[in-house]
2 protein chains.
Amino acid sequence: MAHKTISDEVFLDKALDMFRSRGYEGVSLRQLSAASGLEKASLFYRYPGGKNEVVMAVVQRVIDWFEVNVFAPLREEGSPQKRVAIVAAKLRIFYHHGTRPCITDVLSIAGGSEELATTLRVALEAWLKAFTDVAKESGMPLALARSKAEEAIVRIEGSLVLARVLGNRAPFLNVIKLLPELLTSKGERLPRR
Amino acid sequence: MAHKTISDEVFLDKALDMFRSRGYEGVSLRQLSAASGLEKASLFYRYPGGKNEVVMAVVQRVIDWFEVNVFAPLREEGSPQKRVAIVAAKLRIFYHHGTRPCITDVLSIAGGSEELATTLRVALEAWLKAFTDVAKESGMPLALARSKAEEAIVRIEGSLVLARVLGNRAPFLNVIKLLPELLTSKGERLPRR
DNA sequence: GTCTATATTAAGATAGAC
DNA sequence: GTCTATCTTAATATAGAC
């Protein structure tokens with residue numbers, strides 16, 4: 001086999017793992033080439049925009065994953081508590097139980113394109129809105145729901161930083177466990193509209 | 001003036017600002033040269049170990065700042081609440097009211113030396129210990145004090161990530177404001193030993 | 001659609017003049 | 001103690017063979 005190939009999905013998963021641990025500036029096309037088995041020229045054939053186009057495809061794949069595994073389940077039937085618990089389990093897996101950084105954190109460090117920064121901002125705002133909506137539905141007034149959603153994401157992001165620096169996953173696992181009680185009011189539940 | 005010069009303090013402050021916003025891989029010696037007005041060869045004269053030695057000097061300067069402005073004030077006389085409030089104000093300034101990232105977050109992204117990673121871990125553990133000690137002194141049992149200290153740092157780090165991605169400093173300013181009540185028990189105070 | 005080969009620019013780093 | 005000049009390697013990117 002003189003020529004090697006690799007599916008876009010497998011390639012982007014490898015690229016995701018590299019970008020989320022080393023950042024935009026920390027991943028070179030040579031490294032992407034070595035990890036995928038494809039020559040650099042082949043990467044340019046698939047992604048004519050070069051590294052920026054690769055990282056944008058990676059981020060879009062993450063956004064799609066969040067839509068399916070986080071945003072959609074939060075809109076399903078069932079009690080808000082139950083929906084949040086399901087999503088918490090998904091997030092635990094996405095972050096490999098705290099052993100993988102958040103790509104939004106790592107890629108938001110300057111170096112990437114304006115397009116990348118904007119996409120990350122929009123994606124994080126969507127996450128914030130999804131958490132706010134479920135908290136509101138559990139019975140909280142909007143301002144409180146928004147505040148709890150912020151606190152939840154702040155604590156997920158912050159605990160992943162601690163996990164990376166200290167090698168201690170406990171704070172992350174703790175936040176994931178607390179997520180249902182953090183995001184849903186324990187009082188009376190409002191009927192779903 | 002054919003030759004230019006710059007004090008170590010001013011140079012390291014410029015370097016700190018660059019490293020905390022762009023990360024280790026995102027700052028080149030050429031950029032450090034341009035920002036300081038010194039040629040690359042002059043930087044190697046001052047820091048023979050190259051970029052790693054520069055970043056280690058930057059980190060040591062931050063550690064020294066924390067010793068003077070965070071750790072020492074937390075050991076002073078006065079109520080724990082008051083001491084934490086003083087330190088909170090210092091931290092607000094260090095992070096430029098939420099407009100500058102945490103260097104521990106940014107530099108812990110892979111790319112730097114093992115020495116750098118170890119130094120960041122030790123520094124963050126010292127911060128955790130300082131917060132744990134003041135929380136314990138305010139009357140909490142050790143396990144609770146440690147948990148509150150973790151939560152405080154998690155929320156500082158996480159809110160700085162949100163500030164960077166969303167351009168919204170409110171969550172950071174909120175955590176800084178909450179710091180005294182987060183880290184000190186509101187009940188009876190134990191007498192200082 | 002992947003390859004080899006190459007172009008161009010920038011990276012980290014050093015030698016030696018002043 | 002800073003400079004100019006240079007070295008070596010690696011970065012992004014493209015041309016053209018297969």
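Owing to the predicted nature of the structure, the values given are computational and were not obtained by experimental measurement. Chain letters run A, B, ... following the sequence lines, proteins first, then strands; residues in each count from 1. Hydrogens, waters and symmetry mates are skipped; everything else that's a heavy atom, side chains included, is used.
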The remaining residues in the hydrophobic cluster of A:Val106, counting side-chain heavy-atom contacts under 4.5 Å among Ile, Leu, Val, Met, Phe, Trp and Tyr, are A:Ile109, B:Val106, B:Ile109

Nearest whole Å is fine: how far is C:dT2 P from A:His3 NE2? 9 Å

Tell me every residue that passes ring pair (Phe, Tyr, Trp, His ring centres under 6.0 Å) with B:Tyr47, counting only those two or more places apart in sequence or in another chain. B:Phe11

Listed partners of A:Phe19 passing ring pair (Phe, Tyr, Trp, His ring centres under 6.0 Å), at least two apart: none

Heavy atoms of A:Ser33 and A:Glu39 approach each other most closely as OG-CA, 3.7 Å

Checking A:Leu162 now: which residues fulfil side chain to side chain contact (heavy atoms under 4.5 Å, CB included) with it, not counting sequence neighbours? A:Leu166, A:Pro171, B:Leu124, B:Ile153, B:Val154, B:Glu157

Linked hydrophobic residues, A:Leu142 as query - side chain contacts closer than 4.5 Å: none

Output yes when at least one side-chain N/O atom of A:Thr5 is less than 4.0 Å from OP1 or OP2 of C:dT2, else no. yes

Under a 4.0 Å heavy-atom cut-off, which of residues 34-46 of chain B touch DNA chain D? B:Gly37, B:Leu38, B:Glu39, B:Ala41, B:Ser42, B:Tyr45, B:Arg46

Figure out the CG/P separation between A:Asp8 and C:dG1, and round it to whole Å. 10 Å

Residue set satisfying salt bridge (Lys or Arg N to Asp or Glu O under 4.0 Å) with A:Glu125, at least two apart, ordered chain then number -> A:Arg121

Heavy atoms within less than 4.0 Å of DNA chain D: which residues of residues 10-32 of chain A have one? Give them sorted by number. A:Val27, A:Ser28, A:Leu29, A:Arg30

Residues forming a ring pair (Phe, Tyr, Trp, His ring centres under 6.0 Å) with B:Phe94, sequence neighbours excluded: B:Trp65, B:Phe66

